[in-house]
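Have a look at the structure below before the remarks.
Atoms within each ligand, like the ligands themselves, are counted from 1 in listed order.
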Amino acid sequence: MTQVLENTTTAATALRCKECGERYPIAANHVCEECFGPLEVEYDFSGLDPVSLKAQIEAGPKNLWRYAPLLPAKPYDRSVQGVGFTPLQRAYNLGAELGLDELYVKNDALNPTHSFKDRVVAIATAKAIEFGFDTIACASTGNLAGAVAAAGTRAGLKTYVFVPSNIEPGKILQASIYGATIVPVDGTYDDVNRLASQVADEFGWAFVNINMRPFYSEGSRTLAYETAEQLGWRLPDHVVIPIASGSLYTKITKGFEELIKIGLVKDQTLPAISGAQAQGCNPVAAAFAEHSKEIIPVKQPTTIAHSLAIGSPADGFYSLKIAQQTGGTIEQVTDEEIVDAVQLLARTEGIFTEPAGGVTLATLRKLARQGKIGRDEVTVLYITGNGLKTQSAFDGLIPVPAAITPKLGVFEKWLGQN
Ligand SMILES: *Cc1c(COP(=O)(O)O)cnc(C)c1O
Ligand SMILES: [Zn+2]
């Protein structure tokens with residue numbers, strides 16, 4: 001049986017309603033009983049001295065647990081290894097193409113199951129184990145399924161992943177091979193999520209992004225911590241982040257805010273936080289464009305960026321507010337722009353991302369062209385998933401030459417024609 005490593009502590013003190021402020025004990029609970037608002041983990045960071053905390057972090061493991069004093073869960077022994085501390089790659093070639101002198105790519109496709117979801121799953125699984133659950137589950141647009149499957153089976157938990165049946169076959173294969181039980185559902189992600197919420201209530205399982213959501217979402221803050229640490233404990237000027245439910249987007253922001261509050265970065269202000277959506281599933285970008293506070297759900301998402309296809313985003317409203325308050329923009333891009341951006345990133349930086357990464361880069365390119373990001377601004381592009389899982393999205397789009405016979409003369413002739 002997997003075990004929590006008890007010699008560590010956490011600064012989490014309560015769950016607190018984001019709307020009315022009501023506090024609840026730390027438990028597998030995500031909705032306020034008073035106002036149905038979402039619950040968020042609250043911490044007491046007052047005892048943390050930034051100088052010694054920084055030293056402790058720098059001496060820590062090269063994975064997300066180096067930030068354990070800032071996390072709501074304790075590490076456990078049968079966890080998937082190597083989650084987090086992914087490279088922040090200086091994007092010389094891409095920057096030159098876009099006219100940005102200080103562009104970085106945070107390549108989170110390099111996590112163990114090839115998406116940033118390993119971070120949120122690490123925290124949610126650790127907490128589920130601490131709470132004594134024997135079954136872990138999720139409603140997924142694809143990548144979460146793989147991350148939960150790997151973490152759940154390795155920890156010896158019963159593992160169920162619910163996915164829309166139309167997602168990429170590579171993602172279904174991945175989740176299956178870890179030995180999780182796949183539940184393909186005929187419907188949109190929102191349909192899957194509704195079913196999963198009922199299952200969570202009925203069966204008492206730990207759904208990482210439903211009843212465990214307050215802990216799950218906190219894992220994304222580590223992306224902000226790493227970015228700052230890798231920049232030499234500085235904050236970037238502008239960041240571009242993909243939005244599905246808006247959890248990643250809001251929690252990277254929260255991470256930056258905490259770095260300022262705790263004093264891990266000095267004399268710094270929040271970056272402009274920009275968000276990226278596909279035109280075929282654009283509820284937050286559409287509200288941003290119309291200066292509206294209301295998110296109108298997209299009933300039938302139609303985009304190759306399946307991992308971002310959440311028509312009714314739980315954190316959409318909070319994402320809108322952040323973009324407006326930080327001077328960021330939330331843009332939308334077409335499937336054509338997505339495919340083009342995937343190829344651009346591959347050819348300039350040697351990173352093959354899935355369509356979600358294409359959404360993020362196409363958005364960055366738009367902002368750069370519109371002059372919304374200055375040439376000398378330190379800018380970070382968050383790449384959240386790997387293209388090898390989504391080969392079906394590029395079927396027929398990338399031509400491969402026909403085979404040749406293994407003869408030098410044939411090759412020489414072929415070279416003249418290619
Ligand atoms: C899940 C996911 C996101 C963002 O999801 P949020 O629900 O907004 O946190 C971004 N990129 C990829 C590849 C994902 O799988
Ligand atoms: Zn409330």
For atom 7 (O) of ligand 1, closest protein heavy-atom neighbour: Ser245 OG, 2.5 Å
Worked check of side-chain hydrogen bond (donor to acceptor under 3.5 Å, both in side chains) between Ser52 and Asp49: CA-CA 6 Å; Ser52 48; Asp49 162 50; 2.9 Å; yes
Any N or O of Gly385 closer than 3.5 Å to N or O of ligand 1: no
Shortest protein contact, atom 9 (O) of ligand 1 (heavy atom only): Leu248 N, 2.8 Å
For Glu354, atoms of ligand 1 separated by under 4.0 Å from a heavy atom: 13 (C)
Under 3.5 Å: N/O of Asn143 near N/O of ligand 1: yes
Vertex the Zn ion (ligand 2), arms to Cys20 SG and Cys32 SG, rounded to 10°: 100°
Glu258 and Tyr43 side chains, donor-acceptor separation under 3.5 Å: no
Numbered atoms and elements of ligand 1 in range of Leu308, under 4.0 angstrom, heavy atoms: 3 (C), 10 (C), 11 (N)
Polar contact flag for Gly246 and ligand 1 (N/O pairs, less than 3.5 Å): yes
Output field: ring centroids Phe207/Tyr216 closer than 6.0 Å: no
Residue and atom name of the nearest protein heavy atom (relative to atom 3 (C) of ligand 1), distance in Å to one decimal: Phe116 CE2, 3.4 Å
Pair Trp233-Gln268, side-chain donor/acceptor within less than 3.5 Å: no
Asp118 versus Thr113, side-chain donor and acceptor atoms under 3.5 Å: yes
Cation-pi geometry met for Arg154 and Tyr178 (6.0 Å, 45°): no
Ser247: numbered ligand 1 atoms lying under 4.0 Å from its heavy atoms: 6 (P), 8 (O), 9 (O)
Close N or O approach (Ala244, ligand 1; < 3.5 Å): yes
Side chains of Ser307 and Glu354, donor plus acceptor under 3.5 Å: yes
Angle in degrees, rounded to 10°, that SG of Cys17 and SG of Cys35 form at the Zn ion (ligand 2): 100°
Ring geometry between Phe162 and Trp205 (parallel below 30°, tilted from 30 to 60°, perpendicular above 60°): tilted
Proximity to ligand 1 by part of Thr141, non-hydrogen separation under 4.0 Å: neither
Cationic tip of Lys18 above Tyr318 ring, under 6.0 Å, 45° of axis: yes
For atom 11 (N) of ligand 1, the protein heavy atom that lies nearest, with its residue and separation: Thr384 OG1, 2.7 Å
Shortest protein contact, atom 14 (C) of ligand 1 (heavy atom only): Lys117 NZ, 2.9 Å
Exercise: do Arg78 and Thr125 side chains pair donor with acceptor under 3.5 Å: no
